[in-house]
Protein chains: 2
Amino acid sequence: MGKVNIKSIAAALHLSPATVSRALNDSYEIKQETKERVLAYAARHNYRPNPFAKHLKTGKTNLIGVVIPFLSSPFFLEFIDELYNAVLPHHYTLIPFQTQNNEKIEKEALDFLVRQHVAGIIISPAHEKSNTELLKHIHHHTCPVILFDRIQHGLDTYKIGIHNSLETYSATEQLIKKGRTKIAFLCGKDIGNTKDRIRGYKNALHNYSIPFREEYVIHADYQDPTQNIDSELKEVFRKLQTTDNMPNAIVGGTDTLSVKVLGILATLDLSVPQDVAVIGFTNTNLANYLNPALSTIRQPTQEMARLALELLIKLIDKQQDRRDIVYENFMLQATTINRKSTEV
Amino acid sequence: MGKVNIKSIAAALHLSPATVSRALNDSYEIKQETKERVLAYAARHNYRPNPFAKHLKTGKTNLIGVVIPFLSSPFFLEFIDELYNAVLPHHYTLIPFQTQNNEKIEKEALDFLVRQHVAGIIISPAHEKSNTELLKHIHHHTCPVILFDRIQHGLDTYKIGIHNSLETYSATEQLIKKGRTKIAFLCGKDIGNTKDRIRGYKNALHNYSIPFREEYVIHADYQDPTQNIDSELKEVFRKLQTTDNMPNAIVGGTDTLSVKVLGILATLDLSVPQDVAVIGFTNTNLANYLNPALSTIRQPTQEMARLALELLIKLIDKQQDRRDIVYENFMLQATTINRKSTEV
DNA sequence: TTGTATGCGTTATCAG
DNA sequence: CTGATAACGCATACAA
């Protein structure tokens, strides 16, 4: 059970390590017969190249770092899940990290990935200015970086996202067309996407001459998708209810919140969609099983993942100085899925 | 911006590489002043040790492989999530893989992890006999392996799980005590856990003298938690409904199904819990937001993750031959959380 | 307390 | 077509 490596193979076959290495790498300059002998021996003895030695020599790895805020958020989970599918035919391995929206944790993750000499990084940053200098440095000097979802970031590279303002505009508009006028907007932290989403909501109100009401923008400032913010959220709605200001429609600005609000409305004895129509952001695979089934804006998560990987691999393969490239923003199309929660 | 490594530091400070290496590793045999000079220079020039070179030399990595069936299953997701939390204070990095319950994909994942020379592996195998020989070989000769959740596996090591039969027994019993007698059991693939869970369900029926009915064990044979099996499942319940055999209670044997069945019952105009009481398996963080809120058996997922990591690190640190160790099974206690879906 | 020399497993350069 | 040798960055036995 001694270690089987190039040297041991060479010794066993009375060849030099160099020849064995070349045979294993299918070099054109090695005789067919020798190749076969080496490959047969290697297979028989279950030879596995040592990636550390290989990397030390070549300076290349087949690792791809993925940095996201939370694993436990339906959108990011679906993204990672599809990334795993997409990466299968390629010779890369994913190393996912979650940052909890925390710049310091993000920095640690990036440092680690750099130390691991990853071939590239796909990231949705903790916030708009999160680790800007570090990311620029990595992208310019170390390995390519691709941004997705949270693309309002100073790094100049390929960016993949959706038109957040357009999507919430359209969602709000649909509720207006169904005759709802007291429309609330539910959102999380004030990161770039949230700003854009609020803007779309406001524009829709404005274009339909519905006055904007500050108290209808409900900020649920959670740190973590699994955190329990029921009581706060419930309190907000209870207050609106007792002052006779209860909205009759809600646009959920994040995937997590849109699901939770259904449960909270239920405990307040409000029925959906009769009393309050609800439309969520991001189509979790559960939306269809909720009661009532939740209408959602469906982000093309899988396309985003596939595109991110494709662009990253393109950059990895390209030798060009990454500061000279003209990068494109890919704004993918979302679609609204109407289910029971907005049915008249 | 030349590469900064031990050699370059040594040259800059007029020291030998050996001295620098020892200073960086805080060796006792280096003068305090020298240490400080080296550390200061290293910090100033943002020195990062090359893990590949280090590993090539020491034969050790700080990588931990995590192999699970699906990322998109609430239980496994929560497990991984907690693993990420638990690993923070330690000097290890997680490399997660999903197998889709497929032994071949699992083998590829394990091969990769072995090639990466991971320090240890935490796995919930694709099935009871999945890669048994490979796992034994890894555990005995390469790095320690810990099993969780699906612990009916031939590998002799620490195993962390719950008493599946006891838990479904207790869930079934609770429904019986609420006066339900037509109790169905909803389950996925026929893997070990499912068998145990069905056994608990049957035992409860038996002990309360309720005849077991084959058609009340409903197998939803999905490949993937995100797969759409609505129509099949709906068809099953519709048939039971039209033949006047609709159960008045359902024990959900998997986390995914328990959530979906609520949505399906809603489309069949059955109200929960009046017509059908439902209790789910595994407390997804959404259970509380469903309408009605879903009663569930709560697995102590976080404790499982922390314990798995703790045991693994213990094995990594221990030098003893792992075949000589007497391993313990850790059967953690689950708890039933009663919510609206089982309220009388 | 520090320096010299060696090797981990691989690939690349040069020579034959 | 194949072999000898050096080098990647680091840690350590041995020397001083």
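Lettering of chains follows the sequences in order, A, B, ..., and the numbering in each one begins at 1.
Between A:Ser21 and the phosphate of C:dT11, there is a side-chain N or O to OP1/OP2 separation shorter than 4.0 Å. Between B:Thr34 and C:dT2 there is a side-chain N or O to OP1 or OP2 distance below 4.0 Å. Of the side-chain N and O atoms in A:Asn5, one or more sit less than 4.0 angstrom from OP1 or OP2 of C:dG9. Between B:Tyr28 and C:dT2, a side-chain N or O to OP1/OP2 separation shorter than 4.0 Å is absent. A sub-4.0 Å separation between OP1 or OP2 of C:dG7 and a side-chain N or O of A:Lys7 is absent. Residue A:Lys31 places at least one side-chain N or O closer than 4.0 Å to OP1 or OP2 of D:dT2. The phosphate of D:dT2 (OP1 or OP2) has no side-chain N or O of A:Thr19 nearer than 4.0 angstrom.
Nucleotide C:dT2 holds its C1' atom 7 Å from the CZ atom of B:Arg22, rounded to whole Å. In this entry the distance linking CG of A:Leu13 with P of D:dT2 reads 12 Å, nearest Å. Between B:His14 atom NE2 and C:dG3 atom P the separation is 11 Å, expressed in whole Å. Residue B:Gln32 contributes atom CD, which lies 11 Å from atom P of C:dT2 at whole-angstrom precision. Here D:dG9 presents its P atom at 9 Å from NE2 of A:His55, a figure rounded to the nearest Å. For the pair A:Ile30 CD1 and C:dA12 P, the interatomic distance rounds to 13 Å; values are reported in whole Å. Nucleotide D:dC10 holds its C1' atom 12 Å from the CD1 atom of B:Ile9, rounded to whole Å. Note: CG (B:Asp26) to P (D:dA11) measures 13 Å, nearest angstrom.
Checking B:Leu15 against A:Ala18, the closest nucleotide of DNA chain C that is more toward the 5' end is the one next to B:Leu15. Each of A:Thr58 and B:Leu56 was assigned the nucleotide of DNA chain C with the nearest heavy atom; the assignment lying further toward the 5' end belongs to B:Leu56.
Contact annotation for B:Pro17: no contact, since no heavy-atom pair falls under 4.0 Å across all strands.
Side chain of B:Asn193 to backbone of B:Asp149: a donor-acceptor contact under 3.5 angstrom is found. Within the 3.5 Å criterion, the main-chain N or O of A:Tyr327 finds no donor-acceptor partner in the side chain of A:Lys159.
Between A:His137 and A:His141, the angle of the ring planes lies from 30° to 60°, which puts this pair in the tilted group. The aromatic rings of B:Phe148 and B:Phe76 lie perpendicular to each other, with more than 60° between the two planes, well past the 30° mark.
With hydrogens and angles ignored, a donor-acceptor pair closer than 3.5 Å exists between the side chain of A:Lys57 and the base of C:dT11.
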**Q.** Steps toward side-chain contact (heavy atoms from CB on, under 4.5 Å) verdict (B:Tyr158, B:Leu312)
**A.** CA-CA 9 Å; B:Tyr158 289 122; B:Leu312 183 66; over 6 Å; no
